[in-house]
Novice: 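Would you mind keeping the following structure in view while I ask a few things?
Labels below follow one simple rule: chain letters A, B, ... track the order of the sequence lines, proteins then strands, and each chain is numbered from 1. For the numbers below, each heavy atom of this structure counts, side chains included, while hydrogens, waters and symmetry mates do not.
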Number of protein chains: 2
Amino acid sequence: MPIGRPREFDTETALELATALFWRKGYEGTSLSDLTETLGITRPSLYAAFGNKEALFRRVLERYEAKAGAYRTKALKAPTALEVARQLLEGAAELHGDKANPVGCLGVHGALACSDDAAMIRREMSAHRIAGEAAIRRRLTRAKAEGDLPADASPSDLARYLSVVLYGMAVQSVGGASRAELRRVAAIALRQWPKGAR
Amino acid sequence: MPIGRPREFDTETALELATALFWRKGYEGTSLSDLTETLGITRPSLYAAFGNKEALFRRVLERYEAKAGAYRTKALKAPTALEVARQLLEGAAELHGDKANPVGCLGVHGALACSDDAAMIRREMSAHRIAGEAAIRRRLTRAKAEGDLPADASPSDLARYLSVVLYGMAVQSVGGASRAELRRVAAIALRQWPKGAR
DNA sequence: GGAGTTCTATATCGATAGGTACAATAGTCT
DNA sequence: AGACTATTGTACCTATCGATATAGAACTCC
């Protein structure tokens, strides 16, 4: 059976460019015209390759979580709760302080996604955020069981606190905070970390 | 000189309704149809009364800062740096944990405002956020001079940290965090506050 | 060299965005 | 009453949104 005309653009580089766009402007702030112009692709090509805007965004989200969010999964593997927290906070400082990256955060953008048309996207991103916080909470629960956190420490409260600081750093980076400034925020946020028995 | 036909709606209640809309959906997520429908006003009436969408948003922003942001100005008047921080953090917990209020935060929404059309709004809100952080910094600088913060404390770093937690709490509230949960986040964020000499 | 298949380009779809022209209406002034 | 002024409702403007119909171009298979 015939194969058909080959695609004239590389989908991976297209996804990379789309990621940068969505990262900077959010889901609704990025129009199809933005996408086709930046990717150098016509509208029908984009639809043939990715389905529609929403499906493209999902693909982008995967890439984003795999790349930009890698520090999170890595941090959760750190040996101690303190180290987990430190890697999470400093990882966020590195990510959002990197001038090569767009400011902001896909997750936060999605959280506040604007109109009702994007309700589906908003719900989905909300689920992602909750899952991310839950992963931290589970890790801290384990840490507490291991005596790595004091007995009166609340893993869920600490996980929520970490999430709050992480998202706050993303917002702060939109205002142009430098990497060094974000690092100092991370250091302050870490100063109160409860000491474990180990 | 004649006065003309009297306005059939109250601009204050209209602004109140518009505030709720913008608060929940952001600047770009709120359409003129949303506004006219919710306010019970026709399009030309809205334009005659407020100019255009952008001008209306500015009016709304004033109200928002005066009402929802009142806790901030009040907190800055607290006698000690610790009390300032405590009132800021707990005030945010009360505000964002109030089920009567829309989730999120006009300021954070504006920070991430979507498309390029809203660049003006975005810049303006960014300036507001920076001004807010600067106000905290000035207050903490005074606190340090008064011996209310240790000599090695950095007012600007602490102000940035407070801003980060404040914005993070707003984002967290979108995910449905309760007032009690936000209060505990505030408590954790406060635990590390540097002790002054006084 | 077709046949079959998939991509590309033009041109366009209906829906909605923010914003207005215009005439009718409702009030205060002299 | 009549002049003047501001608001109101209808109906419409242009621009852009996301998404497609259609036709031609480029490729592999037989």
Novice: Roughly how many Å is it from CG in D117(B) to P in dT16(C), rounded to a whole number?
Specialist: 19 Å

Novice: Decide if atom CD of Q192(A) counts as having more than 12 heavy atoms of other residues, nucleotides or ligands within a radius under 6.0 Å.
Specialist: yes

Novice: Just to be sure I understand the geometry, which residues of residues 52-62 of chain B put a non-hydrogen atom under 4.0 Å away from DNA chain C?
Specialist: N52(B), K53(B)

Novice: Going by the rule side chain to side chain donor-acceptor pair (under 3.5 Å), which residues pair with S33(A) if we only count those two or more places apart in sequence or in a different chain?
Specialist: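 For S33(A), no residue satisfies side chain to side chain donor-acceptor pair (under 3.5 Å) once neighbours in sequence are set aside.
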
Novice: Nearest-Å distance, CZ (F50(B)) to P (dT7(D))?
Specialist: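 Going from CZ in F50(B) over to P in dT7(D) covers 11 Å.
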
Novice: By the side chain to side chain donor-acceptor pair (under 3.5 Å) test, which pairs, at least two apart or in different chains, include something from residues 66-79 of chain A?
Specialist: none

Novice: Whole-Å distance between dG18(D) P and I121(A) CD1?
Specialist: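 It works out to 12 Å between those atoms.
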
Novice: Give me, pair by pair, the N or O atoms of the protein and of nucleotides 24-26 of chain C that are less than 3.5 Å apart, along with how far apart they are.
Specialist:
{"residue": "dT25(C)", "atom": "O2", "partner": "R5(B)", "partner atom": "NH1", "Å": "2.8"}
{"residue": "dA26(C)", "atom": "O4'", "partner": "R5(B)", "partner atom": "NE", "Å": "3.4"}

Novice: What I want to check is whether the side chains of Q172(A) and E133(B) have a donor and an acceptor closer together than 3.5 Å.
Specialist: yes

Novice: Evaluate the side-chain proximity of Y27(A) to E54(A): yes if any heavy-atom separation is below 4.5 Å, no if none is.
Specialist: yes

Novice: Among residues 31-48 of chain B, which residues get a heavy atom nearer than 4.0 Å to DNA chain C?
Specialist: S31(B), L32(B), S33(B), R43(B), P44(B), Y47(B)

Novice: Could you give the CZ-to-P distance, from R7(A) to dA9(C), as a whole number of Å?
Specialist: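 Rounded to the whole Å, the gap is 13 Å.
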
Novice: Salt-bridge test for R59(B) and E62(B): reply yes if a basic N is under 4.0 Å from a carboxylate O, no otherwise.
Specialist: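 A salt bridge is absent here (no side-chain N lies under 4.0 Å from a carboxylate O).
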
Novice: Could you walk me through whether L149(B) and L158(B) pass the side chain to side chain contact (heavy atoms under 4.5 Å, CB included) check?
Specialist: CA-CA 10 Å; L149(B) 281 174; L158(B) 287 171; 4.1 Å; yes

Novice: Cation over ring, K53(B) on Y47(B), under 6.0 Å and within 45°?
Specialist: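 Output no; distance or angle outside limits.
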
Novice: Which residues pass the salt bridge (charged side-chain N to carboxylate O under 4.0 Å, His left out) test with D157(B), not counting sequence neighbours?
Specialist: R184(A), R160(B)

